[in-house]
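Just so it is clear, the structure is predicted and the values come from calculations on it, not from any experiment.
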Amino acid sequence: MNKEDGYYMRVEKRKIRYLKETGYRANMKKVVEPYLRKYRRCGSFTSFDGTRIFYCTYVPKHARGSIVISHGFSEFAQKYHEVIYYFLQAGYCVFIPEHRGHGRSGRRLRNLEKVYVRSFAEYVRDLHIFVNKIVKPYQNEMYLFAHSMGGCIGALYLERYPDDFKKAVLSSPMIQMKVGGFPYPAAMVIAHVVQAFGLGWTYAAGQSGFKKEPDFEYSCCLSKERHLYAHEKRLKDRRSRTCGATYSWVSAAGRASVYVQAARNIRRIKIPVLVFAAGREHMVDTDEICRFAGKLQDARLVWILNAKHEIFNAGERARLQFFDEIFAFLSREAEIGNLS
């Protein structure tokens, strides 16, 4: 990669190469993917109920810490190639499981495009087993990077297991989702009723399967190249085409939202947390993100105004701000008196 292909910025004594929009997909294939293959090892483990959870690890020598990525709704490990690339350059190990019902992990439904779960507690238990079985043996300090649905899972994890991670980054966390066409309380009642009648496996209203034609305009991205890169991965792998939420998933997400926002649960989170909110958000409720962040004991809320839901797939200026904030946060020592 030459200087015209990306930005070079320092994280302490390390120089990180950030990719530009121009030539992005070519540089991902020629530079980033070969770099990642040097460190990547993939495997799977059996979770508490027999579900196989697929994961990838990236472990360089002399790492300064371990970062666990909790991905978002309908996402998959390959979508985080660029993010992993930056974390590796900064000197961290990276560990990313694919949540149940996503990617190469096990499913309860035959339809690979439906997102189904009975309770978000299942995601949390999977992640806890992954952390203890795969990540902790490396004996590094652990940090959490969690996006969207993964942010809700991550917050639930921090409330349930408050001592595992040293710090956490929540990117557009789904503290409460947005629903189109219905008031939120009505949408939750409908989901709970449909679930109770045994039809939780059906697509929720407005949800559907994977479409082969990319739809950048209505996506969560402002970087078209990054949107197309992820879409190409979906086209090549049917197991990466998770797309539409089922009523069971919506019902589970609603219950998780109530739990994660309970003051007694939030009080259990004592580690420093960096929370991001997008100025052009349309997938999650930013008011609820602000309320949640305001109740944390040690939190920094950062607005990235010119970004949609996927801040790491925003325009260049917004992405640079996003990653600069993250690396400054991860390298900063805890300030005395921050924790109460």
Determine whether the side chains of Thr46 and Arg52 contain a donor N or O and an acceptor N or O closer than 3.5 Å. yes
Go through Arg226 and Glu21 one step at a time and tell me if the side chain to side chain contact (heavy atoms under 4.5 Å, CB included) criterion holds. CA-CA 8 Å; Arg226 286 162 174 80; Glu21 182 79 0; 3.1 Å; yes
Run the salt bridge (charged side-chain N to carboxylate O under 4.0 Å, His left out) check on Lys136 and Asp164 step by step: do they pass? CA-CA 9 Å; Lys136 280 187 177 180; Asp164 278 0; 3.1 Å; yes
Please evaluate residues Tyr24 and Glu82 with respect to the criterion side-chain hydrogen bond (donor to acceptor under 3.5 Å, both in side chains), reporting the C-alpha separation (whole Å), side-chain torsions for both, the decisive distance (0.1 Å), and the verdict. CA-CA 10 Å; Tyr24 175 80; Glu82 182 181 6; 2.9 Å; yes
Quick one: does Arg107's side chain have a donor or acceptor within less than 3.5 Å of a partner on Ser105's backbone? yes
Lys224 atom NZ, neighbour heavy-atom count above 12 within 6.0 Å: no
Between Thr246 (side chain) and Lys114 (backbone), is there a donor-acceptor pair under 3.5 Å? no
Are the charged groups of Glu232 and Arg25 less than 4.0 angstrom apart, N to O? yes
Closest non-hydrogen contact found for Gly72 with Glu75 is N-OE1, 2.7 Å
Face-on cation placement of Lys167 at Phe329 ring, 6.0 Å and 45° thresholds: yes
Can you tell me how far apart CD (Gln78) and CD1 (Ile84) are? Round to the nearest 0.5 Å. 9.5 Å
Starting at CE of Met177, measure out to CE of Met283 and round the result to the nearest 0.5 Å. 9.5 Å
When every non-hydrogen atom of Ser331 is compared with those of Tyr92, the smallest separation belongs to N-OH, 4.4 Å
Count the heavy atoms belonging to other residues, nucleotides or ligands that lie under 6.0 Å from CH2 of Trp201, then report whether that count exceeds 12. no
Please report the interatomic distance CG(Leu301) to SG(Cys290), rounded to the nearest 0.5 Å. 5.0 Å
Answer yes or no: are there more than 12 heavy-atom neighbours, outside Arg160 itself, under 6.0 Å from its atom CZ? no
Straight-line distance of Glu141 CD to Phe165 CZ, nearest 0.5 Å: 12.5 Å
Examine distances only and state if a side-chain atom of Ser251 and a backbone atom of Ser248 form a donor-acceptor pair shorter than 3.5 Å. no
Are Arg319 and Glu225 within salt-bridge range, i.e. N to O under 4.0 Å? no
Looking only at heavy atoms, what is the nearest atom pair of Ala314 and Ala318, with distance? CB-CB, 3.8 Å
How far apart are the closest heavy atoms of Cys93 and Ala63, and which atoms are they? SG-CB, 3.3 Å
May I have the step-by-step check of side chain to side chain contact (heavy atoms under 4.5 Å, CB included) for Tyr143 and Arg64, ending in yes or no? CA-CA 11 Å; Tyr143 305 90; Arg64 64 197 302 179; over 6 Å; no
If you draw a 6.0 Å radius around CZ in Phe182, do more than 12 non-hydrogen atoms from other residues or ligands fall strictly inside? no
Measuring from Phe130:CZ to Glu98:CD, what's the distance to the nearest 0.5 Å? 10.5 Å
Should Glu159 and Arg268 count as an ion pair when the cut-off is N to O under 4.0 Å? no
Is Lys212 atom NZ crowded by more than 12 heavy atoms from other residues, nucleotides or ligands, each under 6.0 Å away? no
Can you spot which of Tyr80, Tyr138, Tyr55 makes a ring-ring contact (aromatic ring centres under 6.0 Å, His included) with Phe95? Tyr138
Taking the six-membered ring for Trp, is the centroid-to-centroid distance between His309 and His282 below 6.0 Å? no
Trace of the ring-ring contact (aromatic ring centres under 6.0 Å, His included) decision for Phe210 with His231: CA-CA 10 Å; Phe210 176 77; His231 190 76; 5.4 Å; yes
Do we get Arg125 above Phe48's six-membered ring, with its NZ or CZ under 6.0 Å from the centre and within 45° of the axis? yes
Glu310 vs His227, test: side chain to side chain contact (heavy atoms under 4.5 Å, CB included). Steps then yes/no. CA-CA 10 Å; Glu310 294 177 6; His227 175 72; over 6 Å; no
To the nearest 0.5 Å, tell me how far Ile311 CD1 sits from Ile304 CD1. 5.5 Å
Hey, mind stepping through Tyr35 and Gln89 against side-chain hydrogen bond (donor to acceptor under 3.5 Å, both in side chains) and telling me if it holds? CA-CA 10 Å; Tyr35 179 91; Gln89 288 184 82; 5.8 Å; no
Looking at Ser171, is its backbone amide N or carbonyl O close enough to the side chain of His147 to form a donor-acceptor pair, meaning the two atoms are under 3.5 Å apart? yes
